[in-house]
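What follows is a single structure, written as structure tokens, with notes after it.
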2 protein chains.
Amino acid sequence: MDYMTALEKYIEDVGLFYERFGLAKMSGRILGLLMATDEEKVSFDDIVIQLQASKGSISGNINFLLKQKLIEKFMVTGDRKSYYKFSNENVFSLIDSKLDATEYVKQIFMRGNELHKDKESAKHKNISEVIQFYDFLEEELPKLKEKWKSLKKTG
Amino acid sequence: MDYMTALEKYIEDVGLFYERFGLAKMSGRILGLLMATDEEKVSFDDIVIQLQASKGSISGNINFLLKQKLIEKFMVTGDRKSYYKFSNENVFSLIDSKLDATEYVKQIFMRGNELHKDKESAKHKNISEVIQFYDFLEEELPKLKEKWKSLKKTG
DNA sequence: CATTTAGTTCATTTTATATTGAACTTATTG
DNA sequence: CAATAAGTTCAATATAAAATGAACTAAATG
């Protein structure tokens with residue numbers, strides 16, 4: 001602990017940071033490593049060694065991150081190892097996984113509202129407003145993404 | 001389990017739903033109850049009884065939800081109990097707590113990028129792009145909220 | 001001022017989640 | 001085709017998070 005390098009310190013901080021977003025700390029650490037390392041190639045084993053964790057944990061967390069498209073795998077000719085890198089392709093991913101649930105959020109609120117006997121009650125109206133907000137989001141979020149994409153293209 | 005009412009079933013589903021957003025299941029259950037109940041007044045004790053949970057757990061979860069502004073407390077003259085209701089004032093709350101972290105996200109990415117020796121590397125540029133995306137969000141999200149607010153006013 | 005009410009606090013226990021590590025699979029190399 | 005390499009799987013274990021429940025506080029009531 002006393003002699004942590006800047007990289008090690010950073011890795012731990014990113015781990016804690018992503019934990020707040022519902023990722024496992026180890027997933028966050030892997031992201032931290034891939035984000036901050038200067039190595040151009042980072043293999044499975046490199047991760048195991050750098051993070052001093054078990055193969056099982058690294059395997060599970062890498063596959064989770066791949067599924068979320070937060071990292072990418074790449075191969076090198078004549079080398080049987082897999083390498084991993086941080087992905088900025090899916091810069092939306094963490095936000096998406098929370099916000100693209102809008103449809104589901106809406107449904108759970110609608111179901112709640114259907115349980116009300118009095119459809120004219122203040123409560124029913126309040127919840128209806130929340131549902132409308134999610135309708136609004138469903139419409140606006142894709143626009144926001146498009147806006148970002150076109151900004152990126154035009155520089 | 002076999003004889004759960006529609007309300008009970010709904011409460012459990014909302015609990016599970018909010019769990020995905022990083023809330024404790026019990027917090028989700030409370031939200032589910034407040035959302036779906038037809039009772040106009042729901043007290044601390046009502047919640048303890050309906051959710052069949054301990055006072056300690058309900059106390060902790062209510063205070064968490066109050067802090068997040070997901071629920072509101074109200075009082076009734078001549079009655080020493082506190083009552084709680086679902087709040088739609090802070091319809092943004094769950095999103096906010098994730099997204100208003102943009103500033104912090106940006107900082108952790110910037111710190112990662114500072115560790116790079118080669119500021120011209122592809123990786124450095126990729127991460128810079130992520131940082132730009134968060135700049136973009138910091139600018140756009142407040143606009144989105146304003147848009148919703150004005151939509152609400154004009155009906 | 002003793003008693004009830006409404007809720008809080010916090011040490012203990014329960015439950016859920018993540019990690020480990022050994023055994024396994026699948027592919028590659030000599 | 002034996003041996004190594006690169007990971008995967010999964011039961012056991014460790015860690016972290018949440019719930020319990022008993023003891024407590026603070027306010028109100030009789």
- Path from A/Ile47 to A/Leu66 over hydrophobic side-chain contacts below 4.5 Å: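 Looking at the clustering, A/Leu66 is in the same group as A/Ile47.
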- Message: Using the rule that Ile, Leu, Val, Met, Phe, Trp and Tyr join whenever any side-chain heavy atoms are under 4.5 Å apart, tell me whether B/Ile49 and B/Leu7 fall into a single cluster.
- Response: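 In one cluster with B/Ile49: B/Leu7, no.
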Protein-nucleotide distance ([X], atom [atom1]; [N], atom [atom2]), rounded to Å:
{"X": "B/Leu23", "N": "C/dA16", "atom1": "CG", "atom2": "C1'", "value": "16 Å"}
{"X": "B/Leu51", "N": "D/dT20", "atom1": "CG", "atom2": "C1'", "value": "15 Å"}
{"X": "B/Asp79", "N": "C/dT5", "atom1": "CG", "atom2": "P", "value": "13 Å"}
{"X": "A/Leu16", "N": "D/dT15", "atom1": "CG", "atom2": "P", "value": "16 Å"}
{"X": "B/Lys25", "N": "C/dT15", "atom1": "NZ", "atom2": "P", "value": "11 Å"}

- Could you check which residues of residues 53-66 of chain A get a heavy atom under 4.0 Å from DNA chain D? Sort them by number, please.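 Output list: A/Lys55, A/Gly56, A/Ser59, A/Asn63.
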- Does B/Lys85 make a cation-pi contact with B/Phe74, if we ask for NZ or CZ under 6.0 Å from the ring centre and within 45° of the axis?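 Checked: cation-pi criterion met.
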- Cation-pi geometry met for A/Lys41 and A/Tyr83 (6.0 Å, 45°):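 Positive - A/Lys41 is close enough to the ring of A/Tyr83 and near enough to its axis.
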- Close side-chain approach of B/Leu65 to B/Tyr84, heavy-atom, < 4.5 Å: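 Result no, sub-4.5 Å side-chain heavy-atom pair not found.
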- Query: Hey, does A/Trp148 have a side-chain heavy atom less than 4.5 Å from the side chain of B/Glu140?
  - Reply: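 No, too far: nothing below the 4.5 Å cut-off.
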Looking only at the side chain of [X] (C-beta and beyond, no hydrogens), which of the listed nucleotides [options] gets closest?
{"X": "A/Arg80", "options": "C/dT5, D/dG7, D/dA6", "answer": "D/dA6"}
{"X": "B/Lys81", "options": "C/dA18, C/dA6, D/dA19", "answer": "C/dA6"}
{"X": "B/Met26", "options": "D/dA27, D/dA19, C/dT29", "answer": "D/dA19"}

- Query: With nearest nucleotides of DNA chain C determined for A/Gly78 and A/Gln52 from heavy-atom distances, which residue corresponds to the more 5′ nucleotide?
  - Reply: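 The 5'-side residue here is A/Gln52.
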- Query: Out of A/Lys69, A/Glu72, A/Gln68, which one pairs with A/Ser87 under the side-chain hydrogen bond (donor to acceptor under 3.5 Å, both in side chains) rule?
  - Reply: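 That would be A/Glu72; it is the only one of A/Lys69, A/Glu72, A/Gln68 passing the side-chain hydrogen bond (donor to acceptor under 3.5 Å, both in side chains) with A/Ser87.
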- Query: Which residues within residues 41-50 of chain A lie with some heavy atom under 4.0 Å of an atom in DNA chain C?
  - Reply: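 Contacting residues: none.
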- If you measure from the Lys or Arg side-chain nitrogens to the Asp or Glu carboxylate oxygens, is any gap between A/Glu114 and A/Arg111 under 4.0 Å?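 Salt bridge: no.
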- Message: For the NZ atom on B/Lys119, are there more than 12 heavy atoms of other groups (residues, nucleotides or ligands in this structure) within a distance under 6.0 Å?
- Response: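 Count over threshold, so yes.
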